[in-house]
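To start, the structure under review is shown below, and the notes come after it.
Chain letters run A, B, ... following the sequence lines, proteins first and then strands; every chain starts at 1. Atoms considered below: every heavy atom in the structure, side chains included; atoms not considered: hydrogens, waters and symmetry mates.
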Amino acid sequence: MSAPAATRGHILRGVAPHAGSTAYINARIVDPTADSEYAGAILISDGKIADFGPNLFASGAPYGIASVDCRGLFLAPGLVDARVHTGEPGEEHKETLESAGIAASVGGITSMVLLPDNEPPFDDASLIEFVARRARQIKLANMYAYGALTVGLEGKELAEIGLMAEAGAVAFTDADHAVGNAQVMRRALYYAKGFDALIVHLPQEPTLSGGNMTSGIMATRLGLSGNPPLAEVMMVERDIRLVEMTGGRMHLAKISTAESVRVIAAAKARGLRITCDTAPPYFALNDLAVGDYRTFGKLVPPLRAEADRAAVVEGLRTGVIDAIVSDHRPQDQDSKRVPFAQAEPGGIGLETLLPVSLELVHNGHLSLPQLFQRLSSAPARLLGLPGGKLAKGAPADLVLFDANYAWRIDRPDFWSKTKNSPFDERPVQGQVMATIVGGRTIYRHAEFAPVAEGA
Amino acid sequence: MPRLPHLLGIEGLSPETISGLLDLSENYIDQNRSLDKRRDLLSGRTVINLFFENSTRTRTSFEVAAKRLGADVINMDVATSSVRKGETLLDTAMTLNAMRPDAIVVRHSESGAVNLLSQKVNCTVINAGDGQHEHPTQALLDALTIRRRRGSLEGLLVAICGDVMHSRVARSNIHLLLIMGARVRVVGPPTLMPTDVDRMGVEVHYNMRTGLKDVDIVMMLRLQTERMQGSFVPSISEYFRFFGLDHEKLKVAKPDALIMHPGPMNRGVEIDSEVADDLDRSVIHEQVEIGVAVRMACLEALIGDRRNTIGAAA
């Protein structure tokens, strides 16, 4: 893969894991689990975190250990992105697992979970194994896969949840298709309970979600058909009742409205096993972003009104919303350079997940450790993945970043195969300087060239 | 005034620009009534009528307008050819653009399609109706029809009745009437009202009795056949009973209220024939005549030698 015109960094794939130990010194450590941030160091041995803390190597790394001077930059657990779609298999011209792996590396994402809505859909154990095999070949970010919840994502018959779980599926979902039939979802929750499997559901009442954007004055002015925002909370409420009835476990995806946040908060307070996530467009954009029929702003669920956006920010602050996902969905020009109603929904997000999410810190809504709870530790915990935290013996999956680096998101600079970002041309603050997976540096920004690394 | 590169919609136009276009149109009404209807102001210019959706009336009106100004006119009815939707819109636009027309007049079934096309060509684009978004020349011709009868739009009370939700004519008229200082009511069943339409600055009425009370102008909208049965309204007869315009419902309007309709009419659905054909009240045929003059004015303002000067007094 050739680098974009404006090369900002380097993908380092052929590099063998460093055999001995490497000390990352002079860093600002972000520890989401301990909810703390301090000056310190991390020692990596054999691909795992061997030690970390404020006092480690306070007087410099000991002789004989390779060291990387982090120059005061932030070092945190790498991002765990629980919602990524690529075109492989089926639409490789939009994105391959390899190009997505590269984009994830550039974005500081060390683990990503792939949605099952490919062609063919991942409703069979062999496809789950296919993803694992490709990830081993690609050697970039860790890749995991969801299994389909229902056969063909049609919302009718249960897919082979047990067999796919055995093959490594981390959870089960029909991706952006809501399961409208309550009986099917009730049985899925019951059945999955036997395997302690998590169901991830995009809550949208399907019969009210056929429109092209959120209904309201903006849709009325543009003459576009609208989805009422209440289509989301209606399904959230149904799902809460089903979780209550079955004792199952559900994670609600891409929460985008104030009402949903309110209802989920109440369900959590009642002790139900419900968690949820959102994606950057829902806390950083509102429906004005589709003005003049900008198809890059056509997403599922659609961009909401400003009051809903503000409520999503508040949900992230209070922790009602557990996680932030990129919701990466590449679309080519033929899918987007058409009239709005005909355009395919979705936006890319791997490379913008961290810088756009950092706005929550810069604007005072979250502390850095809180942000990395949403980006790393919570999604890893919910899906039972090994990364996402600082702990002795945990995989050395880390991101080194400059939180104040100012730049402008610019379409031609994306490493993703397609460029359909709803954040195109947005000025942001925060840049990934290096991404480390299993102790191995897989990406390094051009402006961060360490003096001594076991390369 | 800022140059008008395209005419994509009424939203955002200044009152001066609108008045300027209406003033220019006035000249052409007289010209169109004279024996010699042709003035070669657009001699050597090429206008392409690109219609992705069938419309004999609007296309003919634009064609007559361009020809009376001496332009060369080519009609492309894409709706009747085998061109598939969407993906070929820009291909078609780029192909036509390469033939160096001065203006492309576009109708398309999708909202925003004309805006999209205008971004990809380097000639003037005129919106002849896009989806449920805008139909600016219809609003201009409606405005001129009213102005000629009432002298001014300012302070008039106008009711726009029927399927507001799916109507680009309604949206363009709401924008124009509000810009020019009229008061606007929208009247129809709640299922045919767009969400938050009141936030456009109009009063919303769900019945004709309160909706038509004391209005100066009644604008009826066409109810699309596919929406008549079941999905939005229960039946044609129920719709006509409650929302079809007849003399009975018209009684609450001002005695000299004008009746307008963008055509083609569904007689017995949204309008009773007795009202439609009432020569004292109905200005429906006048709208068609004025339509040609308005489109001549738009063409002249956008691609004629005197382009950029409309509303210059502002």
Within 6.0 Å of [atom1] in [X], more than 12 heavy atoms from elsewhere:
{"X": "Arg408(A)", "atom1": "CZ", "answer": "yes"}
{"X": "Arg426(A)", "atom1": "CZ", "answer": "yes"}
{"X": "Lys120(B)", "atom1": "NZ", "answer": "yes"}
{"X": "Met265(B)", "atom1": "CE", "answer": "yes"}

For [X] versus [Y], what's the shortest heavy-atom pair and its separation?
{"X": "Pro339(A)", "Y": "Ala113(B)", "value": "CG-CB, 3.7 Å"}
{"X": "Thr220(A)", "Y": "Thr195(B)", "value": "OG1-O, 2.5 Å"}
{"X": "Gly216(A)", "Y": "Asp196(B)", "value": "CA-OD2, 3.3 Å"}

Point to revise | Toward chain A, the part of Gln119(B) with a non-hydrogen atom under 4.5 Å | key: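 For Gln119(B), side-chain heavy atoms alone lie under 4.5 Å from chain A.
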**Study point:** Toward chain A, the part of Asp130(B) with a non-hydrogen atom under 4.5 Å
**Key:**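 Asp130(B) touches chain A through side-chain heavy atoms alone.
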Practice item. Could you tell me which residues in residues 292-313 of chain A have at least one non-hydrogen atom under 4.5 Å from a non-hydrogen atom of chain B, sorted by residue number? Key: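 Under the 4.5 Å heavy-atom cut-off, Asp292(A), Tyr293(A) qualify.
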**Study point:** Option in Glu11(B), Glu134(B), Met200(B), Met165(B) with maximal non-hydrogen atom pairs under 4.5 Å from chain A
**Key:** Glu11(B)
**Study point:** Check against side-chain contact (heavy atoms from CB on, under 4.5 Å), Ser111(B) and Leu222(A)
**Key:** CA-CA 7 Å; Ser111(B) 303; Leu222(A) 293 173; 5.9 Å; no
Review point. What's the spacing between Arg221(A) CZ and Arg199(B) CZ if we round to 0.5 Å?
Key: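 Reported value, rounded in 0.5 Å steps: 9.0 Å.
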Check your understanding: Quick one: which residues of residues 169-182 of chain B reach chain A at under 4.5 angstrom, heavy atoms only?
Key ->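 When heavy atoms of chain A are the reference, residues 169-182 of chain B contributes Arg171(B), His175(B) within the under-4.5 Å range.
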